[in-house]
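Structure record follows, encoded as structure tokens.
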Amino acid sequence: MSAIAQKKGFGSALWDWLTTVDHKKIAILYLASGGFFFVVGGIEAMLIRIQLAVPDNSFLSAGLYNEILTMHGTTMIFLAAMPILFGYMNAVVPLQIGARDVAFPFLNSLGFWLFFFGGIFLNLSWFMGGAPDAGWTSYASLSLYSPGHGIDFYALGLQISGAGTYIAGINFLVTIINMRAPGMTYMRMPLFTWTTFVASALILFAFPPLTIGLFFLIFDRMFGANFFDHTMGGNTIIWEHLFWIFGHPEVYILILPAFGIFSEIFAIFSRKRLFGYSAMVFATVLIGFLGFMVWAHHMFTVGLGPTANAIFAVATMAIAVPTGVKIFNWLLTIWGGSIKVTTPMLYALGFIPSFVAGGVTGVMQAAAPLDYQLHDSYFIVAHFHYVIVGGVVLAILAGLHLYWPLMFNTMLSEKLGKITFWFFFLGFHATFFIQHFLGLMGMPRRVYTFIEGQGWDLFNFISSMGAILMAIGVIVLVINIVMTTVKNVPVGNDPWKDGRTLEWAIPQPVPFYNFKRTPLVRGLDTFWIEKQEGNKEGMSYAEPLSDIHMPNNSFIPFVMSLGLFIAAFGALYNGEKAWAVPVLVIGLGITLASMATRSLKDDHGYHIHKEDLMDHKGGNY
Amino acid sequence: MGHDTHVVVAKNKTQYEYARRKRSQTMQMQVVTFAIMIFLTFIAFAAVAAGMSAYYVGPVILLLAAIQVVLQLYYFMHMSEKGHNMPAFFLYSGALFGFTFVITFLTIVWW
């Protein structure tokens, strides 16, 4: 790919990225923008920890602290973790199931650009009168009364990027149901494909409540409605229910693909078949299902009544069972394996104790009476950072090392990778482990400073020092990425030597049509089976060589998303600026016009002819 | 799957007859279903017009509505035909989740 790219001018390369519908390029777009937002969210985290490092600090003002805290959470969840995972899904899942692309390449591009413009819109709030300041949960009792436009940026930005996420989720569902290669039955799908499938189903059911909640908030704040205003017959608790009916499945949308990545890593680097494959699949589906039945455990202290609290407490504790099944299966996969402690494996080994710690505190909070004590304290902050950083972020970093050769045909430095791991891992535990005790000692979450001499000084200082270690880890990672990109040493396919699934069998760099011939899948870990039988090509084929149908690139997704981006400014300044309504109309007009263009103008794509395929080496260079 | 190259082949006599018979059967089912739906709608209006207790009429109309949705899905939106397992699975899961939320609010949640 790089050899071709260098011949092109900057303009045509940019145009290529703006119009691409290739899942492999969209994966890189997701990874790059998600990585950018990860750094932004990380800087916000550092500012938070600097402010809290010493008592009575005046590094940040109270209002600014609230904005940074809100944007840290929102950015990390919606703009960093999810897009990076979408990047891996895009890069890996079509290859893993033996498909040429996702089911709807056009929608794939649209999903990305919606996310991108939504994220940019949300972050423009910093430069346009102040960021949202009601926490990432944006409870209506706070957000309705927040002055300025911060919350408007939150609601509109998330609405746009949420639409992108929804589109991506549906796309993966259809892809996994319909595009599997012959022989790839459901029970032969690799675990990363399975977890992508279940996470996509969760997106399908969880995002509509968020969309409704955000629309209510938009109408309340910008168009004079009263859904959440109790003085006008509304109810502020409705937001909490809608948010958490979305929000709880959301954390499983994040953690399930993370589980998938770790399942792949454990099998690859223990050089063993994943232990208890069918139990793993069952546990994944069960976690997905139970994820919808527990949202009220975020609201124990709202006063739902003892019956609701008891039922939701029990349902929440039940989730520990399938999660425990997974943990034991991973341990038994390692057990007796021929283990190679590579960087991804190191992350995976670090993940198990970290995530179990987060899970245990989760069960503690599931006990409703205890939750009355823990609610809104630093114990909660410690808990969700243990599951999200100890689970999702470790998976993202592990996945970065594991899938980097697949995406870029180069290998990140193992040495620097291990240095990153140790800084990040030790820093993570130093930062968050001690926060459990801060919580138990009574420190409330979301405070911008604290008074000296309550016994919180030392622990907060240690926590901030840990954050610095994590930052060093990330800086080493960035150096690693830059060095690897500059060196640009191609590694070919199956760089880990122990790849088990189809994505490692494909020649590198991956041809733009993926598979010259659709592969035949002969079992779980199909590449491993072929290798064991001495098949040099690594694949059996299901069909003779014939023409390949490919989609055309399109600029329409970009324009469609841009229209909504423009319209959002109109909605934001509605009733305040004279130009607001015209801008709203023009923006929506652009989107509708591009939708009409897409519908009315037939685009049948093109064919790569058999004769051209025979000459194409398929990346074997 | 495969290469998406479609080859159009004309139907032979038997296939044509079979498709014709299939279509007329489907049409028959649709007409019958349509009649049932009109009848259910009539019951709903009649129940309101008869002035019965709202506590009785409300649930009855909801029940009739549910039956109409099912008929609509199966006979007009072709869910009764083969190859709709996945859409049906997701539809029912979604309905189950929605139903759980509503039941939860109606029975155990105070706010």
Side-chain angles (χ1 to χ4, degrees), chain A residues 97-100 170 173-174 176-182 184 201-202 204-206 208-209 235-238 240-242 245 249 285 288-289 291-293 295-296 299 302-312 315 513 517-518 542-551 604-605 607-608 610, chain B residues 1-11 15 19 22 26 54-55 58-59 61-111:
Chain A
I97 62 174
R100 294 238 161 77
I170 291 175
L173 282 177
V174 180
I176 295 171
I177 293 170
N178 288 322
M179 308 274 287
R180 283 168 291 132
M184 175 71 80
L202 293 184
L204 181 73
F205 295 128
N235 187 343
T236 181
I237 305 296
I238 293 172
E240 295 187 27
H241 279 295
L242 285 171
I245 287 176
V285 176
F289 176 79
F292 279 98
M293 303 297 167
W295 79 91
M299 301 166 63
V302 163
L304 303 174
T307 315
N309 279 6
I311 289 173
F312 279 104
Y513 49 80
R517 291 188 279 162
T518 302
E543 55 175 16
L545 194 64
S546 57
D547 293 0
I548 296 176
H549 183 220
M550 295 294 291
H604 294 297
H607 284 87
I608 313 171
K610 190 160 69 171
Chain B
M1 277 168 274
H3 283 320
D4 297 345
T5 37
H6 301 289
V7 185
V8 182
V9 182
K11 289 187 177 116
Q15 281 172 326
K22 263 278 178 240
T26 315
Y55 286 102
I61 290 183
L62 282 176
L63 181 71
L64 294 178
I67 296 173
Q68 294 238 15
V69 168
V70 172
L71 290 177
Q72 167 80 19
L73 284 172
Y74 275 84
Y75 291 101
F76 288 97
M77 297 177 83
H78 303 286
M79 248 172 75
S80 56
E81 289 167 23
K82 258 192 226 162
H84 288 74
N85 296 338
M86 269 296 162
F89 171 73
F90 276 93
L91 219 130
Y92 287 125
S93 317
L96 176 72
F97 289 138
F99 186 70
T100 315
F101 300 153
V102 172
I103 280 292
T104 309
F105 287 123
L106 290 180
T107 53
I108 57 172
V109 171
W110 284 18
W111 288 79

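Letters A, B, ... are given to chains in the order of the sequence lines, protein chains preceding strands, and every chain is numbered from 1.
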Side-chain touch A/Ile245/B/Phe97, heavy atoms, less than 4.5 angstrom | no
Would you check if B/Leu96 and A/Phe292 make a side-chain contact, meaning some heavy-atom pair closer than 4.5 Å?
->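 Contact flag for B/Leu96/A/Phe292 side chains = no.
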Taking the six-membered ring for Trp, are A/Trp295 and B/Phe101 parallel (under 30°), tilted (30 to 60°) or perpendicular (over 60°)?
->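 Aromatic pair A/Trp295/B/Phe101 classed perpendicular.
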Members of residues 84-91 of chain B whose heavy atoms come closer than 4.5 Å to chain A |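 Only B/Met86, B/Phe90 of residues 84-91 of chain B have a heavy atom under 4.5 Å from chain A.
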Is it the backbone or the side chain of [X] that comes under 4.5 Å from a heavy atom of chain B, or both, or neither?
X        : value
A/Met293 : side chain
A/Phe289 : both
A/Ala201 : both
A/Ile311 : side chain

Which pair of heavy atoms, one from A/Phe205 and one from B/Gly94, lies closest together, and at what distance?
->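 Nearest heavy atoms, A/Phe205 then B/Gly94: CE2-CA, 3.3 Å.
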Considering only heavy atoms, which portion of B/Thr107 lies under 4.5 Å from any heavy atom of chain A: side chain, backbone, both, or neither?
-> neither
